[in-house]
Amino acid sequence: MSQPLIQLRNVTKTYSRGGETLTVLDDLALDMDAGGYFALMGPSGSGKTTLLNLIGGLDRADTGSIRIGEDDLAQMGTGELAEWRSRSVGFVFQGFNLIPVLTARENVELPLLLAPLKGSERKKRAEYALQLVGLADRMNHRPSQLSGGQEQRVAIARAIVTDPTLILADEPTGDLDRASAEQVLELLGKLNGELKKTILMVTHDPHAAECAKTIVHMDKGGLGRIETREPRKPSAAGVAGR
Amino acid sequence: MPWRLVFKNITKHWLRSTLTVGSIVLAIFLLCLLRSLVVALDAGVRASAVDRLVVQSSVSLFVYLPESYEAKIAEVDGVRTVCRWNWFGGYYQEPSNFFAQFATDVDDFLTAYPEVEVIEGSVEDFRRERQACLVGADTASRFGFKVGDNVPLIGALFPRTDGQPWNFKVAGIYRSKKTNVDNSTLFFHTEYLEKALESGESGGPSGVGIFVVQLEPGADRVAVAGAIDEQFAGGPQRTQTNTEAEFQAQFVSMVGNVPLFVSSIGMGVMIAILLAALNTMLMAAREQTRDVGVLKALGFSDGSVFGLMITQSLILCGLGGAMGILLAKATEPVLIYLLSTTFPGYAVTGETLQLAVFVTLGIGVFAGITPAWRAKNLQVITALRATA
Ligand SMILES: Nc1ncnc2c1ncn2[C@@H]1O[C@H](COP(=O)(O)OP(=O)(O)OP(=O)(O)O)[C@@H](O)[C@H]1O
Ligand SMILES: [Mg+2]
């Protein structure tokens, strides 16, 4: 492999709370290759979300450099960073974070508003993305009319609709039951296998982590073991569909 | 900018949006109404003629001047006509049926007040017959007085000894072309009143309430007024001569306290309504904190979320303001009719509308700026963490 897609060097992140400083990430270095499927595991409070947010450009490191492809996030201004996010990253959060007043299709269309596209083209792409996640028949439902699993699949459709190279998912199965979780994992596997998306997924759940090709363990500000393994094939089969 | 989101955020909570818009409609309507009442109060002053002076007692408007002053005022250089005005203070059937009546020198009155236009009946009949009267169009339509009708008025200030009402014959109905003369007054002959007092048919004060002086063209108002007052400086009654505008302004300041009181309350109510609307909008904005975080995570700029929040506020306020203005304009004819006696000259002027537009935009910005600013500066991770 040539250059890794994600390159972290000497990354430090501290939070200060009431005079106390808490070092969450301490001089961290990490490479992730394009096309990889990474699971980030570790105890609560070990800094998984913090790391994910730094890589996704939602927050800034105190020191060190974060390079994604050709881009050095530390060098970008707030506006540039927002624009970079809209082009390069798809986010999937634990709480789904769909906009409640919008329908599934409108939620998926949202990131496309930032691209120079005609309304009809946006609609077409949003519908295609929803089809990919198997929700073509739920396009005009609002989040409150969907199940948790369906909501998360809508969120995944929203994450991939701009065709980003990198998908960042923070405990995407955290709020889901087994069957829905398997569906989501199956979908992520498909995005990695068929659409060649690089995926970084934070999870507590060993079942979920097993689906990744690489498992990165985190512990108290630093990286622990990194295991590369044959991923488990998630099977939603046998567990009823929606 | 996600317009669809603006639209949906507003329509999703339609009850809340409707109530917010409704309260702004009310506040803006109230603003227009109060402004227009103030306009009405000032209308008489603004429309006042420049060629008329009013002579009154320097003590008070309620102190009578001697009859003999008329001839002396007429002698002053620059005076064209002098016309006596006496407050009659009668009522038609019920004391609550109030409208003003004045005893005047009819010929001088008609010369000095070209804006008073007789629209029905005959000026000549009014001049000729002692018991004739001229009635304002609003009062005529209020009580259904027609030309030729006999109008009996109970003389409260000038009670007749026989206990009967005074009788006036409607010779004409007038409409004033300017707001300094309202359309609800009844004018009749001073001689009618004088004769009754002299013959003892009626009791009541003698003397003259005010003299209205019409100036010769080109006469110097200030000089003439000074000359008149100087004449009576040695008594028996000192006078104060004002321009008609100053004279009218005196009434505005007399009733001035009441409208001020009413408009202070109105303003208070308006501000309370606005604060309630503001509070609702701030609450609505707070509910959108997570949405703002999501939008930012997706790559929407700080500027666009700022725009989103302030647009929502401007749309709600703009809608409310526009409807409030329309309501004020739509009710204008009705209010002109209803307020013709109490507030003649009620008008929703362009200036009032401008003020309303300005206040509407002000509220929109004021209510939108705080949430918009907060949204702009909100950190994505804080917004997402708030609900995770
Ligand atoms: N904005 C913040 N201000 C202060 N402290 C913070 C902030 N964000 C995170 N922290 C602290 O940093 C540490 C790491 O938080 P982080 O959310 O990255 O953990 P995590 O590994 O994702 O945990 P979990 O598995 O519970 O989600 C925690 O102790 C947390 O309290
Ligand atoms: Mg976390």
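A quick note: this is a predicted structure, and the numbers were derived from the prediction, not measured.
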Side-chain (A:Arg85) to main-chain (B:Lys296) donor-acceptor, under 3.5 angstrom: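 Judged by distance alone, yes, a pair lies under 3.5 Å.
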Main-chain N/O of A:Leu98 paired with B:Arg290 side-chain donor or acceptor, under 3.5 Å: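 Yes, because the side chain of B:Arg290 sits within donor-acceptor range (under 3.5 Å) of the backbone of A:Leu98.
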[X], [atom1] atom: more than 12 neighbouring heavy atoms under 6.0 Å:
X: B:Lys329; atom1: NZ; value: yes
X: A:His207; atom1: NE2; value: no
X: A:Tyr15; atom1: OH; value: yes
X: A:Lys123; atom1: NZ; value: no
X: A:Met76; atom1: CE; value: yes

Interface moiety of A:Thr78 toward chain B, non-hydrogen atoms closer than 4.5 Å: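 Contact with chain B: side chain only.
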Part of A:Arg142 within contact of chain B (heavy atom distance under 4.5 Å):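 Contact with chain B: side chain only.
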Side chain to side chain donor-acceptor pair (under 3.5 Å) contacts in which one or both residues fall within residues 352-374 of chain B, not counting sequence neighbours: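 Sorted result for residues 352-374 of chain B: B:Thr349-B:Thr352.
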Test salt bridge (Lys or Arg N to Asp or Glu O under 4.0 Å) applied to B:Lys376 - qualifying residues, sequence neighbours left out: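 For B:Lys376, no residue satisfies salt bridge (Lys or Arg N to Asp or Glu O under 4.0 Å) once neighbours in sequence are set aside.
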Option that, when pairs with chain B are counted at under 4.5 Å, heavy atom only, ranks first among A:Thr162, A:Ile99, A:Val89: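 Going by pairs under 4.5 Å, I would pick A:Ile99.
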Residue among A:Gly90, A:Gly79, A:Gly174, A:Pro100 with most heavy-atom pairs under 4.5 Å to chain B: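 Among A:Gly90, A:Gly79, A:Gly174, A:Pro100, the one with the most close pairs to chain B is A:Pro100.
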Selection from B:Val380, B:Asp291, B:Leu5 maximising heavy-atom pairs under 4.5 Å formed with chain A: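 Highest number of pairs under 4.5 Å: B:Asp291.
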Beyond-backbone contact of B:Phe300 with A:Leu110, side-chain heavy atoms, under 4.5 angstrom: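 Result yes, sub-4.5 Å side-chain heavy-atom pair found.
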Contact check, side chains of A:Leu58 and B:Gln379, non-hydrogen atoms, under 4.5 Å: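 No, side chains not in contact.
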Pairwise distance OG(B:Ser301) to CG(A:Leu81) - rounded to 0.5 angstrom: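 If we round to the nearest 0.5 Å, B:Ser301:OG and A:Leu81:CG are 12.5 Å apart.
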CG-CD1 distance between A:Asp59 and B:Ile381, expressed to the nearest 0.5 angstrom: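 Atom-to-atom, A:Asp59:CG and B:Ile381:CD1 are 3.5 Å apart.
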Where B:Gly299 and A:Ser86 come nearest, the two heavy atoms and their spacing: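 Answer, listing the atom of B:Gly299 first, then A:Ser86: CA-CB, 4.0 Å.
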Closest non-hydrogen atom pair between A:Val101 and B:Lys8, with its separation: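 Closest pair (atom of A:Val101, atom of B:Lys8, distance): O-CD, 3.3 Å.
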